[in-house]
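Read the structure below first, then the notes.
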Amino acid sequence: MTTTISKGARQSVVAYAATAAAVLLLLMVFGLLMRASQAGGLALPADLFYQVMTAHGIGMVGIAGMCGAAIMWYFLGHYVDLSTKIFVLNLILFLVGVVMILSAIFIGGFAGAWTFLYPLPAKSGGVWEAGAAALHLSGVLLIGVGFLLFHLDTGRAILSKYGSIGRALGWPQLFGGSTEEAPPPTVVASTMVLIVNVLGLLSGASILAISLVNLFVPEFGIDPLLGKNMIFFFGHVFINATIYMSVIAIYEILPKYTGRPWKANKPFLAAWTCSTLFVVIVYPHHLLMDFAMPTWMLVMGQVISYLSGIPVLVVTAFGVLSYTHRSGLKWDMAPSLLFLAAFGWAAGAIPAIVDGTIVVNLVLHNTQWVPGHFHTYLLMGLVPMVMAFMYYLAGNAGTGLDRGAFWAFLVGGFGFTFTFLWAGKESVPRRFAEHLPEWMGIDALGAVFAALAILGVVVFAVRFLGRVGHLVKA
Amino acid sequence: MQEIAWSVTLWLVLVLAAAFIYVVMKSGDKAEAAVVQGAAGKIRSVLFWVLLVAGVPVTMVTLADLPYAAATTEGESQVVDAVGSQWSWALSQSSVVSGRPVEFRVTAADASHGFAIYNSSMTLLAQTQAMPEYTNVLRYTFAEPGTYKVLCLEYCGVDHHNMMTEFTVVAP
């Protein structure tokens with residue numbers, strides 16, 4: 001049984017969405033600046049380029065998390081009793097953290113990338129002071145604390161309603177032959193995210209705390225390879241969780257247009273249980289070029305990368321196709337964006353899985369192939385899920401302008417991501433402030449496509465922000 | 001290898017796109033959900049088994065020859081010690097012979113770096129991470145004499161993009 005959420009809760013969700021629209025746009029412009037600079041059309045000094053890169057990276061990870069949190073919280077609140085105060089506290093901690101991070105970067109000169117790869121924050125080569133690194137890491141830690149509280153609250157609410165994690169994941173129906181109706185897809189997805197993100201956040205908070213102490217007490221350190229494992233476990237889990245939270249928009253909104261409720265059947269439950277395990281143990285595929293890692297972990301990274309594609313393709317992407325096929329749905333903006341998002345997520349998984357192959361990773365790791373695949377499933381997967389949620393919240397079916405923006409976003413977005421993949425094929429390194437002349441043609445093309453995609457998002461964002469006042473009062 | 005990765009990606013994305021476009025084209029032709037879902041369930045089962053079965057040989061073939069090698073103790077390889085530090089590479093020798101394995105023993109003095117070998121066409125041939133406290137062993141046999149570059153592929157600070165060096169490969 002579902003309930004409606006309160007006015008205060010709805011206003012909080014609108015606040016999240018409005019923040020997301022503004023921050024996403026700003027950070028997309030940062031991304032465009034980097035591509036334009038690599039193309040030679042805009043000469044960003046190297047120190048500024050890497051500051052912008054750091055802000056773009058950590059900002060996108062954080063705001064993707066906030067987008068996912070807003071979608072998950074809004075729909076989960078229809079099934080369980082969530083705390084609006086904790087939800088708002090997460091937003092406040094996020095905003096304070098953002099101010100700390102931006103100050104550390106653009107005033108303190110911190111440019112350690114969003115990965116803050118230990119021991120880089122303490123080894124700036126004289127470019128930034130320990131205080132700037134400490135401010136940055138503290139800001140990230142504060143945002144992590146907010147998310148931890150957020151997930152603990154969803155865990156409390158889910159457990160009080162369903163009694164156990166296993167029941168919330170539908171294990172009695174999956175393994176026990178229970179004929180009771182399984183929990184709704186939103187509850188199953190939220191429970192999966194609860195499990196993986198609490199683990200990821202604890203790992204991230206631990207390495208952040210160690211890195212912070214290391215800044216001022218260099219003797220207090222950690223094995224660099226262990227530190228790297230902790231960072232990539234956190235980073236991998238957190239960014240994947242942003243999509244697993246956002247995909248709830250597909251499960252909840254699309255059926256309102258197709259008239260076919262999304263059921264948590266056995267394949268669905270099996271897929272989410274598998275994904276819970278896969279997301280936790282697949283992270284070594286980020287460390288395939290760390291030859292000192294135990295070989296079995298790296299082989300596991302490849303094998304689980306392959307297996308991870310099955311739930312994405314066979315359950316969610318195929319589910320979108322089967323629920324949409326011959327449904328007679330009207331292609332308003334929300335279902336259009338959700339359909340695009342399902343394709344973007346599945347399409348992005350393909351080059352990611354290819355890169356998860358050890359012998360391929362040997363020549364693609366840390367080339368532009370990597371931003372190619374993750375921009376495909378984030379820019380063309382997560383972002384349209386979020387934009388669809390905004391159109392849904394605003395009750396905006398869309399006009400000719402919105403549809404024009406949709407096509408600009410589609411063409412620009414895929415053009416942008418495929419120029420990254422193309423550059424990766426050409427061995428162009430990622431995270432280079434300056435490019436060789438032979439790489440600049442692809443960079444320029446990428447910048448043009450990026451500008452087109454941003455144009456689309458400007459329309460999406462402005463259309464939503466223009467209705468915020470109405471939504472708050474409603 | 002890069003061309004294979006590119007072709008596989010393009011073809012699979014195109015197949016996926018074709019499925020999505022087909023469904024869009026048919027979306028207005030309304031049918032009972034039970035009819036569509038029944039057929040979809042069968043297709044889903046086939047898709048699941050096709051992916052699983054196809055994945056087995058692909059996994060076996062790609063895992064057959066891994067780049068991970070232990071350091072050798074005998075003189076069959078040419079050994080090059082490589083140390084990365086912000087923002088330069090120190091190689092123990094700047095010339096090796098083609099046709100014989102070269103064993104790069106790679107580490108770092110400060111932060112993490114990425115040791116990547118590029119040929120004269122700026123195509124990435126092989127790489128490994130350079131990390132403090134660890135030595136990663138990368139074995140590679142150069143087929144062609146010439147000048148090769150080492151680039152840093154792990155972001156390491158403000159002059160990361162200029163962290164390059166060269167070595168030569170000569171005929172035996």
Side-chain angles (χ1 to χ4, degrees), chain A residues 46-47 50 111 113 117 119-120 123-125 127 223-225 228 260 267 289-292 295 298-299 302-303 306 309-310 313-314 318 321-322 324-329 339 343 346-347 350-351 354-355 357-360 362-367 369 421 425 427 429 431-434 436 438, chain B residues 1-3 5-6 8-9 12-13 16-17 19-20 23-24 26-31 33 36-37 40 44 47-48 51-52 55 59 62-63 65-68 86-87 110-112 114 118 122-129 131-134 136-138 151 153-161:
Chain A
D47 56 348
Y50 291 125
L117 196 56
L120 183 60
K123 308 273 186 184
S124 73
V127 176
D223 181 296
L225 189 55
K228 193 173 183 181
R260 298 171 178 171
M289 292 302 104
D290 284 283
F291 291 10
T295 302
L298 303 178
V299 170
Q302 174 177 327
V303 172
Y306 286 8
I310 292 178
L313 288 168
V314 176
F318 190 83
L321 294 178
S322 66
T324 306
H325 186 53
R326 302 182 68 187
S327 63
L329 95 167
F339 195 79
F343 174 71
I350 292 168
V354 167
D355 191 31
T357 308
I358 294 168
V359 292
V360 176
L362 188 69
V363 293
L364 288 181
H365 181 65
N366 278 346
T367 68
W369 188 274
L421 293 172
K425 175 180 78 80
S427 301
R431 293 179 174 146
F432 263 35
E434 293 173 17
L436 298 176
E438 58 262 42
Chain B
M1 185 60 76
Q2 287 95 330
E3 291 292 340
W6 174 249
V8 167
T9 298
L12 290 178
V13 170
L16 189 70
F20 273 73
V23 168
V24 170
K26 293 285 184 183
S27 63
D29 179 17
K30 194 165 184 177
V36 175
Q37 295 296 329
R44 186 207 303 268
L47 181 63
F48 172 78
L51 288 174
L52 205 60
T59 304
T62 54
L63 289 177
D65 187 20
L66 297 179
Y68 313 128
Q86 291 167 322
W87 290 277
D110 38 42
S112 287
Y118 280 71
M122 290 307 287
T123 299
L124 176 54
L125 302 178
Q127 64 173 308
T128 188
Q129 288 279 291
M131 180 177 285
E133 302 177 32
Y134 283 88
N136 287 326
V137 177
L138 173 65
L151 272 64
L153 283 197
E154 187 64 63
Y155 174 67
C156 58
V158 73
D159 216 20
H160 161 63
H161 54 283

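To find a chain, count down the sequence lines: A is the first, B the second, and so on, and within it residues start at 1.
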Problem - chain B contact via A/T324 - side chain, backbone, both or neither, heavy atoms under 4.5 Å - result: both
Exercise for the section: Using a cut-off of under 4.5 Å on heavy-atom pairs, state which of B/V13, B/L12, B/L51 scores highest against chain A. Expected result: B/V13
Practice task
State plainly whether the residues A/R326 and B/D29 are in salt-bridge range, i.e. N to O under 4.0 Å.
Solution key: yes
Completion exercise
NE2 of B/H161 to CZ of A/R431, rounded to nearest 0.5 Å, is 15.0 Å
Handout entry: Separation between OG of A/S427 and CD of B/Q2, rounded to the nearest 0.5 Å
Key = 4.5 Å
Exercise for the section: Side chain from CB out, backbone as N, CA, C, O: work out which of these in A/V360 comes under 4.5 Å of a heavy atom of chain B, or both, or neither. Expected result: both
Handout entry: Side chains of A/Y306 and B/T62 in contact at under 4.5 Å (non-hydrogen atoms)
Key = yes
Handout entry: Under 4.5 Å from any heavy atom of chain A - which part of B/L125
Key = backbone
Handout entry: pair A/D290-B/Y134: side-chain heavy atoms closer than 4.5 Å
Key = no
Practice task
With the side chain counted from C-beta on, respond yes when A/H325 and B/S27 share a heavy-atom pair under 4.5 Å apart, and no when they do not.
Solution key: no
Completion exercise
Assert top hit (heavy-atom pairs under 4.5 Å, partner chain B, pool A/V363, A/L364, A/I350) equals A/V363
Problem - Side-chain touch B/T123/A/K425, heavy atoms, less than 4.5 angstrom - result: no
Completion exercise
When rounded to the nearest 0.5 Å, the distance separating CG of A/L120 from SG of B/C156 is 7.5 Å
Handout entry: Close side-chain approach of B/L66 and A/V299, heavy atoms under 4.5 Å
Key = yes
Practice task
Measure the CG-OG1 distance between B/L124 and A/T367 for me, rounded to the nearest 0.5 Å.
Solution key: 7.0 Å
Handout entry: Structural part of A/V354 lying under 4.5 Å from a heavy atom of chain B
Key = side chain
Practice task
Could you go through the side-chain contact (heavy atoms from CB on, under 4.5 Å) check for A/V359 and B/M1 one step at a time?
Solution key: CA-CA 8 Å; A/V359 292; B/M1 185 60 76; 4.1 Å; yes
Practice task
Please look at B/L151 and chain A and tell me whether the side chain, the backbone, both or neither of the residue comes under 4.5 angstrom of a heavy atom of that chain.
Solution key: side chain
Practice task
Check each atom of A/L225 against the heavy atoms of chain B and say whether the ones under 4.5 Å are side chain, backbone, both or neither.
Solution key: both
Completion exercise
So, the part of B/Q127 with a heavy atom under 4.5 Å from chain A: the answer is both
Practice task
Enter the distance from B/R44:CZ to A/S322:OG here, rounded to the nearest 0.5 Å.
Solution key: 5.5 Å
Problem - chain B contact via A/V127 - side chain, backbone, both or neither, heavy atoms under 4.5 Å - result: side chain
Practice task
Could you verify whether a donor N or O on one side chain and an acceptor N or O on the other, from B/T59 and A/Q302, lie under 3.5 Å apart?
Solution key: no
Practice task
Taking the side chain as every heavy atom from C-beta outward, state whether A/W369 and B/T9 have any atom pair closer than 4.5 Å.
Solution key: yes
Handout entry: 4.5 Å side-chain heavy-atom contact, A/K228 and B/Q129
Key = yes
Handout entry: Contact winner vs chain A - B/L52, B/L63, B/D159, B/D65, heavy-atom pairs under 4.5 Å
Key = B/L63
Handout entry: Proximal component of B/V36, with respect to chain A [non-hydrogen, under 4.5 Å]
Key = side chain
Handout entry: B/L153 side chain near A/M289 side chain, heavy-atom distance below 4.5 Å
Key = no
Exercise for the section: Pick one of side chain, backbone, both or neither for B/M131, based on which atoms fall under 4.5 Å of a heavy atom in chain A. Expected result: side chain
Handout entry: Ring geometry between A/F291 and B/Y68 (parallel below 30°, tilted from 30 to 60°, perpendicular above 60°)
Key = perpendicular
Completion exercise
Residue from B/G28, B/S112, B/G114, B/P67 scoring the most non-hydrogen pairs under 4.5 Å with chain A is B/P67
Practice task
Report yes or no: does B/Q86 contribute a side-chain atom to a donor-acceptor pair with the main-chain N or O of A/K123 at less than 3.5 Å?
Solution key: yes
Problem - Any donor-acceptor N or O pair under 3.5 Å, side chains A/N366, B/Y155 - result: no
Problem - Residue selection (most heavy-atom pairs with chain B, distance under 4.5 Å) from A/A347, A/A46, A/S327, A/P119 - result: A/S327
